[in-house]
Chemist: 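Below is a structure I'd like to ask you about.
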Amino acid sequence: MLGIDLDRADHGFQDNLRIVATPAARGLSQLVLRTDIAGMPLEWIDYKEAARLYHQEQVAYTCGSPLYKLYGGTNAASGLRTMLEVNSIVATVGHTGNPGNTRHDYIPPLNNQTLFRRDAYLCMYCSMRFPSRELSRDHIRPFSQGGLDIWTNVVTACRRCNNQKASRTPEQARMQLIAVPFTPTYAEYIFLKGRRVLADQMEYLLAHFPRSSPLHDRIQRWLS
Ligand SMILES: [Zn+2]
């Protein structure tokens, strides 16, 4: 173990320990992308968790850019101060118990935040972009007609379109979807869950999306 008390270090400066966020991190809240040894994306972790993985010698290699430098106490024998650099992407050994990593039929949980992101904050009926608070989850085939609350039966809709559609299918309401809803893969889901995804993390995740993923285009539009 390096001599760093991570809980005490939370606020940046202590007697003999210090955390420095690089300009890329823009503060201590930037999350690190953890992958397995084969490079498959697993989860988002904070710098403390990343530091623990280093301490436990779980980190096999790193990618991306340095986000944090953690300076610890001075080593009595060498007189050198311990320093740990945490990168934006860390590949780790061992298991996480994460089902998405091994199961191809894994279905990520559905929630509005990830749904709106999947649809790039566009209403899937009028194709206008809205902030989250003005969006809603539309069930393409409504509950009242046996529709399910699953990724392939839900789309992002603005309140106006959702009201207009009411408890009808798009055909019954004479409304047309601008895109086909899809269930995200695990890598896509990790991206959709990210609070602030750095350019190198985004590039890394994109490389793990299926070629046919609509997110390739949507992210380009998002960035433009
Ligand atoms: Zn709309």
Side-chain angles (χ1 to χ4, degrees), residues 24-26 29-36 38-47 49-50 63-65 67 88-92 96-140 147-159 161-162 177-224:
R26 288 194 289 164
S29 61
Q30 176 62 50
L31 297 179
V32 170
L33 176 63
R34 179 187 183 188
T35 77
D36 68 9
M40 282 304 289
L42 289 178
E43 60 180 346
W44 296 103
I45 55 175
D46 64 14
Y47 73 88
E49 181 59 24
C63 305
S65 47
L67 294 185
S88 56
I89 303 164
V90 299
T92 57
T96 58
N98 206 325
N101 189 29
T102 48
R103 284 182 45 189
H104 290 288
D105 59 348
Y106 174 77
I107 295 173
L110 174 61
N111 62 55
N112 280 358
Q113 185 213 334
T114 45
L115 172 66
F116 298 165
R117 279 189 155 208
R118 182 198 70 178
D119 295 341
Y121 300 96
L122 300 172
C123 171
M124 290 286 114
Y125 294 102
C126 68
S127 76
M128 300 266 288
R129 182 171 293 164
F130 295 90
S132 292
R133 64 178 182 280
E134 291 171 37
L135 291 171
S136 64
R137 182 190 309 188
D138 172 62
H139 293 85
I140 301 169
L148 300 175
D149 192 36
I150 53 173
W151 285 99
T152 49
N153 190 47
V154 294
V155 286
T156 301
C158 73
R159 297 198 183 283
C161 288
N162 207 337
L177 283 168
I178 62 165
V180 178
F182 65 97
T183 304
T185 63
Y186 193 76
E188 288 172 326
Y189 182 63
I190 294 293
F191 167 74
L192 297 175
K193 264 199 344 180
R195 270 183 282 161
R196 194 161 67 86
V197 183
L198 298 174
D200 54 16
Q201 294 170 332
M202 173 120 68
E203 202 177 314
Y204 191 92
L205 286 167
L206 274 168
H208 288 84
F209 291 180
R211 248 174 233 281
S212 59
S213 172
L215 290 175
H216 290 292
D217 268 0
R218 290 183 195 172
I219 289 168
Q220 287 312 315
R221 285 186 61 182
W222 217 338
L223 294 175
S224 63

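Being a predicted model, the structure only gives us computed values, none of them experimental.
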Chemist: Would you say the side-chain atoms of Tyr189 pair up with the backbone N or O of Thr183, donor to acceptor, closer than 3.5 Å?
Modeler: no
Chemist: What's the separation between atom CG in Leu135 and atom CG in Leu115, rounded to the nearest 0.5 Å?
Modeler: 9.0 Å
Chemist: Determine, step by step, whether Gln30 and Gln201 satisfy the side chain to side chain contact (heavy atoms under 4.5 Å, CB included) criterion, reporting the C-alpha distance in whole Å, the side-chain angles of both residues, the deciding distance to 0.1 Å, and the verdict.
Modeler: CA-CA 11 Å; Gln30 176 62 50; Gln201 294 170 332; 3.5 Å; yes
Chemist: Are any of the side-chain heavy atoms of Val155 and Phe116 separated by less than 4.5 Å?
Modeler: no
Chemist: Mind checking the CG-OG spacing from Asp46 to Ser29? Nearest 0.5 Å is all I need.
Modeler: 10.0 Å
Chemist: Taking Asn153 for its side chain and Gly147 for its backbone only, find out whether a donor-acceptor pair lies under 3.5 Å.
Modeler: no
Chemist: How long is the gap from CZ on Arg117 to CG on Leu215, to the nearest 0.5 Å?
Modeler: 10.5 Å
Chemist: Please report the interatomic distance CZ(Arg26) to CG(Leu67), rounded to the nearest 0.5 Å.
Modeler: 11.5 Å
Chemist: Which heavy atom of His216 sits nearest to which heavy atom of Pro210, and what is that distance?
Modeler: NE2-O, 3.0 Å
Chemist: Quick one: side chain to side chain donor-acceptor pair (under 3.5 Å) pairs with a partner in residues 118-129, sequence neighbours left out?
Modeler: Asp119-Thr156, Asp119-Arg218, Tyr125-Asp138
Chemist: Would Asp149 and Val154 count as a side chain to side chain contact (heavy atoms under 4.5 Å, CB included) here? Give the steps.
Modeler: CA-CA 7 Å; Asp149 192 36; Val154 294; 3.9 Å; yes
Chemist: Would you check if the side chain of Arg137 reaches a backbone N or O of Ala157 as a donor-acceptor pair within less than 3.5 Å?
Modeler: no
Chemist: Identify the residue among Leu198, Leu205, Leu206 that makes a side-chain contact (heavy atoms from CB on, under 4.5 Å) with Met202.
Modeler: Leu206
Chemist: Side chain of Tyr186, backbone of Leu42: donor and acceptor closer than 3.5 Å?
Modeler: yes
Chemist: Mark yes or no for whether Glu203, through its side chain, and Asp200, through its backbone, hold a donor-acceptor pair below 3.5 Å.
Modeler: no
Chemist: Is there a donor-acceptor pair under 3.5 Å between the side chain of Glu134 and the backbone N or O of Arg159?
Modeler: no
Chemist: With a 4.5 Å heavy-atom cut-off, do Ile89 and Val32 have their side chains touching?
Modeler: no
Chemist: May I ask you to test the Pro184-Leu192 pair for a side-chain heavy-atom distance under 4.5 Å?
Modeler: yes
Chemist: Indicate whether the side chain of Arg34 and that of Thr92 have a donor and an acceptor atom separated by less than 3.5 Å.
Modeler: yes
Chemist: Can you tell me how far apart CG (Asn112) and OG (Ser132) are? Round to the nearest 0.5 Å.
Modeler: 8.5 Å
Chemist: For residues Tyr204 and Cys63, determine if any side-chain heavy atom of one lies less than 4.5 Å from a side-chain heavy atom of the other.
Modeler: yes
Chemist: Taking all non-hydrogen atoms of both residues, which atom of Cys158 and which atom of Ser136 are closest, and how far apart?
Modeler: O-OG, 4.1 Å
Chemist: Can you see which heavy atom on Cys123 is nearest to which on Phe130, and at what distance?
Modeler: CB-CE1, 4.0 Å
Chemist: Under the 3.5 angstrom rule, does the side chain of Thr114 hit a backbone N or O of Asn111 as a donor-acceptor pair?
Modeler: yes
Chemist: What's the separation between atom CD in Glu188 and atom CZ in Phe182, rounded to the nearest 0.5 Å?
Modeler: 5.0 Å
Chemist: Please report the closest heavy-atom contact between Ala179 and Met124, naming both atoms and the distance.
Modeler: CB-SD, 3.9 Å
Chemist: If you look at every heavy atom in Pro41 and Leu33, which pair is closest and at what distance?
Modeler: CB-CD1, 4.3 Å
Chemist: So, Trp44 side chain and Phe191 main chain: donor-acceptor pair closer than 3.5 Å or not?
Modeler: no
Chemist: Please test Ile140 against Leu177 for side chain to side chain contact (heavy atoms under 4.5 Å, CB included), starting from the C-alpha separation and ending with a verdict.
Modeler: CA-CA 9 Å; Ile140 301 169; Leu177 283 168; 3.8 Å; yes
